[in-house]
Structure formats: structure tokens, C-alpha cells
Amino acid sequence: MTDDEIPQKETRRIERFIKGIAVLGILTLIVSIWFAFQLDVETEVTETADGSFIVEGPEADLLGVMRSDSSNRSLEVRGLPKPEAFSDYPEVRYALCAARNAPDTVWEEPSGTMRANLQSEGFDELCAVYPDL
């Protein structure tokens with residue numbers, strides 16, 4: 001074996017190791033995304049003692065908070081609520097539909113994903129029953 005072959009073997013071994021780490025990282029990412037879509041976290045709607053509503057959806061710890069008093073009821077939304085969760089709560093649905101476009105709604109950052117969710121087609125259909133909003 002010549003002196004040139006030893007560094008080449010070491011270089012190939014390092015390259016294989018780096019490629020292996022990259023493949024494992026990609027596989028971990030794919031499995032994580034798949035697992036996240038398998039979880040079906042429900043949207044929770046609660047009414048507090050003072051008559052305000054708190055809506056908590058998936059990713060509540062990672063996303064901002066929306067607060068509003070647009071419909072004469074205090075509303076706080078955390079996370080990414082699902083539109084179908086509001087079928088049993090007409091007051092909350094009206095408050096949410098009023099708040100999502102109201103100028104006095106307070107959005108705590110980072111709330112870009114939440115804003116996009118509340119302006120999605122599902123929420124447009126949900127709020128279509130209130131043409132004045």
C-alpha cells in the first residue's frame with residue numbers, strides 16, 4: 001500500500017460517515033412529519049367564569065395568541081383550531097368570525113401561521129353564514 005492510498009481510504013470512510021448521518025437525518029425528519037400527521041389533536045373550546053371563550057388547538061405552545069373583544073365576548077385563540085370544532089358552539093363561531101378580520105384584534109407573534117389558518121377556505125366556509133362580517 002502506498003502513502004496515497006491511506007489518506008484516500010480515510011477520506012472515503014469520512015465521506016460515507018457524513019452521508020450516513022445525512023440519510024439518518026432525512027429519515028428522522030420524514031418519520032417525524034408522518035407521525036405529526038397521524039396525531040389527531042382536537043380543538044378545545046372552554047368558557048370561563050366571566051363568560052369569555054378560550055379556543056385551544058394543536059400547536060398551541062408554538063404559535064402566538066389571538067385576543068379579541070369584537071363580538072362583545074372576550075375570545076382568546078391559541079394554536080391552530082379546526083373549523084369543524086365550532087359546529088356545537090355558535091357563539092364561539094360568531095366571535096371567531098368577527099375577530100379574524102377585526103382591526104382591534106390583538107395578535108401575539110409568531111402568529112403568521114395562525115392568521116393563515118383562520119383565513120383558510122375552511123374558515124371562510126364556516127363564516128359564510130355571517131355575510132356582514
Side-chain angles (χ1 to χ4, degrees):
M1 214 184 276
T2 65
D3 289 339
D4 289 351
E5 291 178 10
I6 294 173
Q8 287 178 350
K9 283 185 176 183
E10 188 66 30
T11 303
R12 278 186 267 155
R13 187 178 302 146
I14 291 171
E15 287 174 354
R16 276 190 244 133
F17 178 76
I18 291 172
K19 287 178 184 175
I21 294 293
V23 168
L24 285 175
I26 291 170
L27 287 175
T28 302
L29 181 65
I30 291 170
V31 169
S32 299
I33 292 170
W34 174 82
F35 186 69
F37 280 106
Q38 298 305 311
L39 292 176
D40 191 25
V41 181
E42 295 297 320
T43 299
E44 293 182 26
V45 178
T46 53
E47 185 172 3
T48 62
D50 65 351
S52 62
F53 297 112
I54 298 175
V55 177
E56 196 162 356
E59 306 296 332
D61 297 335
L62 303 175
L63 298 174
V65 177
M66 179 193 81
R67 290 188 177 86
S68 177
D69 293 320
S70 299
S71 64
N72 299 327
R73 298 287 295 265
S74 180
L75 173 70
E76 184 173 307
V77 179
R78 301 178 190 142
L80 301 173
K82 297 180 181 179
E84 53 273 0
F86 298 98
S87 59
D88 297 335
Y89 303 98
E91 287 182 72
V92 179
R93 180 176 53 206
Y94 181 79
L96 181 69
C97 291
R100 70 187 192 134
N101 294 319
D104 63 338
T105 297
V106 177
W107 298 87
E108 291 182 9
E109 297 300 329
S111 59
T113 305
M114 182 190 303
R115 285 183 190 210
N117 180 53
L118 295 178
Q119 299 297 334
S120 69
E121 189 176 306
F123 279 98
D124 286 345
E125 291 172 10
L126 180 78
C127 297
V129 296
Y130 307 114
D132 57 321
L133 298 179

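By convention here, the first residue in the shown sequence is residue 1.
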Interatomic spacing from NZ in K19 to CD1 in I14 - rounded to 0.5 Å:
13.0 Å
How close do Y130 and P90 get, heavy atom to heavy atom, and via which atoms?
OH-O, 3.6 Å
Would you say P83 and E125 make side-chain contact, with heavy atoms under 4.5 Å?
no
Please report the C-alpha distance between T43 and E84 in whole Å, then the side-chain angles of each, then the deciding distance to 0.1 Å, and finally whether the side chain to side chain contact (heavy atoms under 4.5 Å, CB included) criterion is met.
CA-CA 9 Å; T43 299; E84 53 273 0; over 6 Å; no
Does any part of the side chain of W107, heavy atoms only, come nearer than 4.5 Å to the side chain of M114, both counted from C-beta?
yes
Just to verify, what does R78 make a salt bridge (Lys or Arg N to Asp or Glu O under 4.0 Å) with, not counting sequence neighbours?
E56, E76
Could you tell me whether R12 and E15 have a side-chain N and a carboxylate O separated by less than 4.0 Å?
no
Work out which heavy atom in Y94 is nearest to a heavy atom in D132; give both atom names and the distance.
OH-OD2, 4.3 Å
Using the rule given for side chain to side chain contact (heavy atoms under 4.5 Å, CB included), can you reason through R100 versus D124, listing the C-alpha separation, both sets of side-chain angles and the distance that settles it, and then say yes or no?
CA-CA 10 Å; R100 70 187 192 134; D124 286 345; 2.9 Å; yes
Step-by-step side chain to side chain contact (heavy atoms under 4.5 Å, CB included) determination, V55 to L96:
CA-CA 9 Å; V55 177; L96 181 69; 5.9 Å; no
Rounded to the nearest 0.5 Å, what separation is found between the CD1 atom of I33 and the CG atom of L29?
4.0 Å
Are side-chain heavy atoms of E44 and I54 found at a separation under 4.5 Å?
no
Rounded to the nearest 0.5 Å, how far does CG of L118 lie from OG1 of T113?
11.0 Å
Could you check whether any side-chain N or O of T105 sits under 3.5 Å from a backbone N or O of A99, counting only pairs where one atom can act as donor and the other as acceptor?
yes
Minimum side-chain heavy-atom gap D69-S52 below 4.5 Å:
no
Could you tell me whether the side chain of N101 reaches within less than 4.5 Å of the side chain of Q119, counting heavy atoms only?
yes
For the residue pair K82 and F123, what are the closest heavy atoms and their distance?
C-CZ, 4.0 Å
